[in-house]
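Before any comments, here is the structure.
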Amino acid sequence: MQAFTARVLAVVRAIPPGRLMTYGDVAACAGRARAARAVGNIMRECRDPVVPCHRVVAAGGRLGGYGGSEALKRQLLVAEGLRLTRQRIHAFARVRWLPNTVPSPLVSSREPGHRLPRP
DNA sequence: AATCTGACTGTTG
DNA sequence: CCAACAGCCAGAT
């Protein structure tokens, strides 16, 4: 397992019940802010029950995927006291979990990676 | 090494 | 609000 993957799993494990992080939040906390999509892939593969992957949602308080069983994801979140209105987390900013721990940069590969200015 | 696949995201129309 | 695009990144082929 790669360092990034291990960090992602550790971050997700630390999300308390009733709180949420976005895929992007998890990526940033794992030291790679733009790896949201990769986090999604890691969640999809992860079958370890100690990793509460249902607490990882998409940006803007949208639900995000859950291996096709998105109804189950909703159900799990509601069971933790969260409110949802049509695929949206209610008061998302309030329940969003943002660990204050600053990740060490996770030195490797590409550094720059900004968006290209449009011509 | 090269290519393809997404539980993603921000911008644009 | 929605859809289309274009980046992005780890893993699998």
Side-chain angles (χ1 to χ4, degrees):
Chain A
M1 181 185 300
Q2 296 305 314
F4 177 72
T5 301
R7 285 190 181 206
V8 164
L9 296 178
V11 168
V12 175
R13 269 172 47 133
I15 305 175
R19 305 301 297 273
L20 305 171
M21 289 180 79
T22 69
Y23 296 95
D25 290 341
V26 173
C29 281
R32 196 153 291 173
R34 284 164 282 164
R37 200 165 188 177
V39 169
N41 286 335
I42 292 164
M43 294 298 96
R44 181 163 49 83
E45 293 301 322
C46 178
R47 279 157 185 63
D48 190 337
V50 306
V51 179
C53 45
H54 62 283
R55 297 183 191 136
V56 184
V57 299
R62 291 184 315 281
L63 192 57
Y66 202 63
S69 308
E70 300 171 15
L72 174 57
K73 188 171 185 174
R74 277 205 306 275
Q75 179 182 330
L76 290 169
L77 294 180
V78 169
E80 295 186 356
L82 294 162
R83 312 271 196 77
L84 295 100
T85 61
R86 294 190 193 78
Q87 315 294 314
R88 282 294 194 76
I89 309 296
H90 175 70
F92 175 58
R94 298 212 217 226
V95 297
R96 191 175 186 180
W97 175 248
L98 299 170
N100 47 2
T101 59
V102 180
S104 41
L106 188 59
V107 289
S108 68
S109 56
R110 329 180 205 9
E111 164 75 35
H114 286 322
R115 286 178 126 79
L116 298 157
R118 62 189 153 90

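Every chain is numbered from 1, with letters handed out A, B, ... down the list of sequences. This one's a predicted model, so the numbers in the text were calculated from it and none came from an experiment.
Using a 4.0 Å heavy-atom criterion, one finds that A/R86 contacts no nucleic acid atom at all. Within 4.0 Å of A/F4, counting heavy atoms only, lie sugar-phosphate atoms of the nucleic acid but no base atom.
For the pair A/G65 and A/Y23, the tightest heavy-atom approach, listed with the atom from each and the gap, is O-OH, 3.6 Å.
Comparing A/G65 and A/G60 along DNA chain B, the residue whose closest nucleotide (by nearest heavy atom) sits nearer the 5' end is A/G65. Residue A/R88 is the one, among A/I42 and A/R88, whose nearest nucleotide of DNA chain C lies closer to the 5' end (criterion: closest heavy atom).
You'll find that the side chain of A/A59 is closest to B/dT9, out of B/dT9, C/dG11, C/dC9. When distances run from any side-chain atom of A/T5 to the nucleotides B/dA7, C/dG11, B/dC8, the shortest one goes to C/dG11. Listed nucleotides: B/dA7, B/dG10, C/dG11. Nearest to the side chain of A/C53: B/dA7. Listed nucleotides: C/dG11, C/dC9, B/dA7. Nearest to the side chain of A/A35: C/dC9.
Interface remark: the A/Y23 side chain does form a donor-acceptor pair with the B/dA7 base, using a distance-only criterion of under 3.5 Å. For A/R34 against C/dG7, no side-chain N or O and base N or O form a donor-acceptor pair under 3.5 Å. In this model, no side-chain donor or acceptor of A/N41 finds a partner on the base of C/dG11 within 3.5 Å.
Using modelled atom types, no side-chain atom of A/R83 and backbone atom of A/H90 make a donor-acceptor pair closer than 3.5 Å.
Per the geometry, CZ belonging to A/R74 stands 15 Å off C1' belonging to B/dA7, to the nearest Å.
Taking 4.5 Å as the limit, every side-chain heavy atom of A/I42 sits out of range of all side-chain heavy atoms of A/V12. A/M21 has its side chain out of reach of A/R96: every pair of non-hydrogen atoms, C-beta onward, lies at least 4.5 Å apart.
Phosphate contact (OP1/OP2 of B/dC8, side-chain N/O of A/R37, threshold under 4.0 Å): absent.
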